[in-house]
Amino acid sequence: MRINLLLNPANHSWIIQKIAENLATGLRSMAIDVSITEDIDEGADLVHHMSWIFARLSTRQPSTMFITHLDDIYKISQVRKTLIDNVEVGICMSRDSMELLVAHGCPPQSLHYINPAHDGLVKPRRTVIGITSRVYPDGRKREDLLRNVAQRMDLSAFEFRIFGQGWEPTIVQLERAGARVQYFNETGDYRKDYGAIVAAIPFFDYYLYLGLDEGSLGTLDALAAGVATIITPQGFHLDLPGGITHPVVSADDLERVLGEISAPRQMRTKAVATLTWQAYAEQHVQLWNAVLGLGQMPRHPIVPNPPDAGMQSVERVRSELLRANALRPRRLLSAISHQPAFRSIRRMIDRMRLGE
């Protein structure tokens with residue numbers, strides 16, 4: 001299979017070019033011959049237009065096109081006409097966009113969707129838990145609860161920023177459980193140490209105190225900074241209206257709370273875990289094989305129903321937006337400029353704009 005990714009000059013140096021280059025890299029890793037050009041590669045088996053806007057009226061080879069950003073009826077109309085007259089399959093970025101096109105008369109057999117990929121370069125920031133207390137030989141601060149939990153669960157989602165002496169044995173356990181620890185031992189100058197604590201507290205996500213000895217003055221500083229708390233429901237903690245975000249008494253309580261805090265983060269990262277550029281390329285190859293008669297049209301993935309988050313409102317507002325945009329002069333002018341008779345002129349203008 002030889003694939004030609006057709007990239008118009010107007011799509012250089014931004015997202016569409018990035019997608020084209022990453023798609024090409026994934027294809028080459030599968031030993032597929034691929035070219036990225038501005039003009040059609042006549043030797044290709046299939047042409048994929050990286051933007052539906054610049055899809056040619058005809059190609060000798062079968063062709064597909066990438067469909068994005070449909071926010072007026074002129075764009076939808078152009079997509080519909082291109083699918084009927086020229087391009088075999090339009091590839092949307094989502095089921096939602098595909099269904100929007102079908103609802104506006106586009107042939108469903110000519111539409112497919114492949115979710116976009118991401119680079120995998122962005123890593124989640126660890127949740128920062130702050131501690132501002134000493135520990136003592138008699139264990140009054142109950143740091144043993146934290147060591148207990150460190151033996152039970154993975155703490156790689158967390159970073160502990162600890163102020164106060166005596167935490168070394170606990171830090172060893174936390175790091176073994178995958179946590180990152182920043183330890184600020186005492187200097188002997190309490191004013192200097194307290195200044196460092198005051199500067200650090202606003203950057204905590206949670207303030208932790210496990211003692212049952214009346215309460216921690218650090219709790220007051222944390223609340224003054226608007227920081228959520230994981231603290232024991234005792235002493236003057238009980239006299240702070242809304243001051244206890246997560247009450248904890250036992251190691252089981254602490255394990256449960258840390259699990260509840262880390263679960264949404266894990267769910268969010270899992271949502272995009274499979275959206276790799278390699279998977280993106282593989283899904284295109286499956287589709288292109290079907291277009292070339294070398295395989296079956298891939299099925300759309302089964303996804304759970306979306307959360308009830310105002311979907312009816314979205315449909316209403318989107319319909320209003322499509323109608324409103326149809327009346328805007330710039331939208332109408334843009335639609336006219338993309339008609340076949342004007343494409344060569346627009347292409348010339350794009351080349352001039354890019355200094356060619």
Q.
Return the NE2 to CD1 distance between His69 and Ile15, rounded to the nearest 0.5 Å.
A.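 These two atoms lie 9.0 Å from each other.
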
Q | Nearest-0.5 Å distance that lies between atom OG1 in Thr219 and atom CD1 in Ile244 | A |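 One finds 8.5 Å between OG1 of Thr219 and CD1 of Ile244.
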
Please report, to 0.1 Å, the donor-acceptor pairs under 3.5 Å made by any side chain of residues 156-164, with sequence neighbours excluded.
{"unit_1": "Ser156", "atom_1": "OG", "unit_2": "Asp154", "atom_2": "OD1", "d": "3.0"}
{"unit_1": "Ser156", "atom_1": "OG", "unit_2": "Asp154", "atom_2": "OD2", "d": "3.0"}
{"unit_1": "Glu159", "atom_1": "OE1", "unit_2": "Arg180", "atom_2": "NH1", "d": "3.4"}
{"unit_1": "Glu159", "atom_1": "OE2", "unit_2": "Arg161", "atom_2": "NE", "d": "2.6"}
{"unit_1": "Glu159", "atom_1": "OE2", "unit_2": "Arg161", "atom_2": "NH2", "d": "3.1"}
{"unit_1": "Glu159", "atom_1": "OE2", "unit_2": "Gln182", "atom_2": "NE2", "d": "2.8"}

Q. For Lys141 and Asp213, what are the C-alpha separation, side-chain angles and deciding distance, and is it a salt bridge (charged side-chain N to carboxylate O under 4.0 Å, His left out)?
A. CA-CA 8 Å; Lys141 299 301 180 181; Asp213 53 353; 3.1 Å; yes

Using a distance-only test with no angle check, is there a side-chain donor-acceptor pair under 3.5 angstrom linking [X] and [Y]?
{"X": "Asn115", "Y": "Ser94", "result": "no"}
{"X": "Thr127", "Y": "Asp205", "result": "no"}
{"X": "Glu21", "Y": "Gln17", "result": "yes"}
{"X": "Gln278", "Y": "Ser29", "result": "yes"}

Heavy-atom closest contact ([X] atom, [Y] atom, distance):
{"X": "Leu208", "Y": "Leu254", "result": "CD1-CD1, 4.0 Å"}
{"X": "Met1", "Y": "Ile32", "result": "O-CG2, 3.6 Å"}
{"X": "Leu23", "Y": "Ala281", "result": "CD1-CA, 3.7 Å"}
{"X": "Gly211", "Y": "Thr232", "result": "O-OG1, 2.7 Å"}

Q | The single option from Asp221, Asp189, Thr132 passing side chain to side chain donor-acceptor pair (under 3.5 Å) against Tyr194 | A |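 So the option named by the test is Asp221.
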
Q.
Students often mix this up, so state it plainly: with edges at 30° and 60°, are the rings of Tyr209 and His237 parallel, tilted or perpendicular?
A.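 Judged by the thresholds at 30° and 60°, the geometry between Tyr209 and His237 is perpendicular.
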
Q.
If we check side chain to side chain contact (heavy atoms under 4.5 Å, CB included) with Leu70, which of these qualifies: Lys75, His104, Gln78?
A.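 Going through Lys75, His104, Gln78 one by one, the side chain to side chain contact (heavy atoms under 4.5 Å, CB included) with Leu70 is satisfied by Lys75 alone.
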
**Q.** side-chain hydrogen bond (donor to acceptor under 3.5 Å, both in side chains) against Ser319, all qualifying residues, sequence neighbours excluded
**A.**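 Not a single residue meets the side-chain hydrogen bond (donor to acceptor under 3.5 Å, both in side chains) criterion with Ser319.
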
Q. In terms of hydrophobic clusters joined by side-chain contacts under 4.5 Å, are Leu217 and Val198 together?
A.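 No, separate clusters.
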
**Q.** Intermediate values then yes/no, side-chain contact (heavy atoms from CB on, under 4.5 Å), Leu223 and Thr229
**A.** CA-CA 8 Å; Leu223 292 174; Thr229 60; 3.8 Å; yes

(Q) Please tell me whether Trp288 and His48 form a close aromatic pair, meaning their ring centres lie under 6.0 Å apart. (A)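 Trp288 vs His48: aromatic centres under 6.0 Å.
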
More than 12 heavy atoms of other groups within 6.0 Å of [X] [atom1]:
{"X": "Arg60", "atom1": "CZ", "result": "yes"}
{"X": "Phe203", "atom1": "CZ", "result": "no"}
{"X": "Gln296", "atom1": "CD", "result": "no"}

